[in-house]
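As structure tokens, the structure follows; a few thoughts come after it.
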4 protein chains.
Amino acid sequence: MTEDSQSSDFVKLREVIRIFVAERDWDQFHTPKNLSAALCVEAAELLEHFQWLKTGNKDELNEAKFEQVRHEMADVLVYLVRLADKLDVDLIAAVDEKMEINRAKYPAEKVRGDARKYSEY
Amino acid sequence: MTEDSQSSDFVKLREVIRIFVAERDWDQFHTPKNLSAALCVEAAELLEHFQWLKTGNKDELNEAKFEQVRHEMADVLVYLVRLADKLDVDLIAAVDEKMEINRAKYPAEKVRGDARKYSEY
Amino acid sequence: MTEDSQSSDFVKLREVIRIFVAERDWDQFHTPKNLSAALCVEAAELLEHFQWLKTGNKDELNEAKFEQVRHEMADVLVYLVRLADKLDVDLIAAVDEKMEINRAKYPAEKVRGDARKYSEY
Amino acid sequence: MTEDSQSSDFVKLREVIRIFVAERDWDQFHTPKNLSAALCVEAAELLEHFQWLKTGNKDELNEAKFEQVRHEMADVLVYLVRLADKLDVDLIAAVDEKMEINRAKYPAEKVRGDARKYSEY
């Protein structure tokens, strides 16, 4: 890993989380299976804030709710970064790969303004 | 926003996703509500790979499955970054805030080796 | 258990699922933890059909999509009944109990037309 | 609908829920999209109880936790029955159909003791 990537956002997050986990001796619980379950739970807690709203745009969120939303988003990111750490996944590289696939699956000229899944075309 | 944060991982991801979305005219579907639902769906697709495994450690994943796992992780990150964009959330700052709360909720000396939720203590 | 409850919908479903599982020797995978993960995955697959739609009402679903929706609903029910079987939960009794709690948490005269969570009042 | 099915578990549940919703004027929030999001959230709350446990078997659950688990299962069932009501889905018939498909997808002699998804064979 280059010096540059050592200073990346994701590397910094990974280190902060590693310390938090080590101080609590929680690594024993952090199997990829458990982390992916926890990630799913946090994503659902985020969704819970929006489930009865029209759009969830900022004008529908009061300050207290917006803070909770930000914290649920943080939880999602923390578990994702932790899972990436346990599985040695480079998240930036994974997104690069996946976006390439998405560009091929959903050619702009074909899907413009249409939200169907590629298998429905 | 400083020049420095403009070059951060999250800003770069945000820009790549913005372009992808604009080319497809998909912004109209990207309400926070819809994005949080999509995030939840991707998190569950990630969990699906692990649900019948013992731990999900790398030695339980063959190459094809590991690639799918990486791509699901990418999808989670893409929707999270997109949601942060729509709600003007600084993900790094949100994690900083939330980790501070977690440190207070789960004091290391109290919770060491114990995975119960703080409300169960 | 009375003769009557033996003939209930839930008992019949439980028996059909037990046979399906036994024929495949899948009971070994059916821990409550794994089943609740599988339930969550199926619920998300159901949500996926609705995530970009306005309301998901029947007029927004074509026949193929509606069939998929019905089948995802079936999957949710199957895992729920299986989980109830493994934990000896009487689902009807659980709903009776929970509805009683809901009636107390959300008094009709107080919450009419308001979808906030009780903790937000 | 026959007199018999009118007295089925699912019909009774549907009626109890209809009354609860009508008393609160909550039908306006109950689009299939919103209900499937709520179902997903409840399924994740159920999973949350199991995420750090080994198996989630009853001997790992104390009485308080077991009660919460039962109530989350009730919530899942309530939203599923409500969604079925809004989309005119007969849940029993849907399970019959889906189990038939599952039997074809996963022939007992082929998958015995193997939890892979049919697409992985």
For this session: Count the heavy-atom pairs under 4.5 Å between each of A93(C), A44(C), A94(C), A108(C) and chain D, then report the option with the highest count.
Result: A108(C)
Exercise. Where on L35(C) is there a heavy atom nearer than 4.5 Å to chain D: the side chain, the backbone, both, or neither?
Worked result: neither
Problem set entry | Heavy-atom pair count under 4.5 Å with chain C, highest-scoring of L61(D), V78(D), L77(D) | L77(D)
Problem set entry | Pick from M73(D), E97(D), K58(D) with the largest number of heavy-atom pairs that fall under 4.5 Å of chain C | M73(D)
Exercise. Between atom CD of E72(D) and atom CG of L83(C), what is the distance when rounded to the nearest 0.5 Å?
Worked result: 11.5 Å
For this session: Select one option (side chain, backbone, both, neither) describing which atoms of L13(C) are under 4.5 Å from chain D's heavy atoms.
Result: side chain
Exercise. Hey, what do you get for CG (D90(C)) to CZ (R70(D)), rounding to the nearest 0.5 Å?
Worked result: 9.5 Å
Exercise. With only heavy atoms counted, which part of A84(D) is less than 4.5 Å from chain C, the side chain, the backbone, both or neither?
Worked result: both
Exercise. According to the interplanar angle, ranging from 0 to 90°, do the rings of F10(C) and F10(D) count as parallel (below 30°), tilted (30 to 60°) or perpendicular (above 60°)?
Worked result: tilted
Exercise. Measuring heavy-atom distances to chain D, does D96(C) have an atom under 4.5 Å in its side chain, in its backbone, in both, or in neither?
Worked result: neither
Exercise. K54(C) and K33(D): side-chain contact (heavy atoms from CB on, under 4.5 Å), yes or no, with the steps?
Worked result: CA-CA 8 Å; K54(C) 279 202 195 333; K33(D) 176 174 177 163; over 6 Å; no
For this session: Could you tell me which non-hydrogen atom of V111(C) sits nearest to which non-hydrogen atom of R24(D), and how far apart they are?
Result: CG2-CG, 3.5 Å
Problem set entry | Shortest non-hydrogen contact between F50(D) and S36(C), atoms and distance | CD1-OG, 3.2 Å
Problem set entry | Most contacts with chain D, counted as non-hydrogen pairs under 4.5 angstrom, among P32(C), P107(C), A74(C) | P32(C)
Exercise. Considering only heavy atoms, which portion of E23(D) lies under 4.5 Å from any heavy atom of chain C: side chain, backbone, both, or neither?
Worked result: both
Exercise. For Q51(C), is it the side chain, the backbone, both or neither that has a heavy atom under 4.5 Å from a heavy atom of chain D?
Worked result: backbone
For this session: Can you measure from NZ (K86(C)) to CG (N57(D)) and round to the nearest 0.5 angstrom?
Result: 7.5 Å
For this session: Find the distance between CE (M99(C)) and CZ (F20(D)) and round it off to the nearest 0.5 Å.
Result: 5.0 Å
Exercise. Is the side chain of K98(D) donor-acceptor paired with the backbone N or O of D75(C) at a distance under 3.5 Å, no angle test?
Worked result: no
Seminar exercise, completed: chain C shares the most heavy-atom pairs under 4.5 Å, among L87(D), N102(D), L39(D), with L87(D)
Problem set entry | Distance-minimising heavy-atom pair for R103(C) and V16(D) | NH2-CG1, 3.7 Å
Exercise. Where does V69(C) contact chain D at under 4.5 Å (heavy atoms): side chain, backbone, both or neither?
Worked result: side chain
Exercise. Any sub-3.5 Å donor-acceptor pair from W26(C)'s side-chain atoms to R112(D)'s backbone N or O?
Worked result: no
Exercise. Minimum heavy-atom separation for S8(D) to D9(C), with atom names?
Worked result: CB-OD2, 3.2 Å
For this session: Give the member of V89(C), L53(C), D27(C), I92(C) that has the highest number of heavy-atom pairs under 4.5 Å with chain D.
Result: V89(C)
For this session: With a 4.5 angstrom heavy-atom cut-off, could you sort out which part of Y79(C) is near chain D: side chain, backbone, both or neither?
Result: neither
Seminar exercise, completed: Value for CG (L46(C)) from CG (L80(D)), rounded to nearest 0.5 Å, stands at 8.0 Å
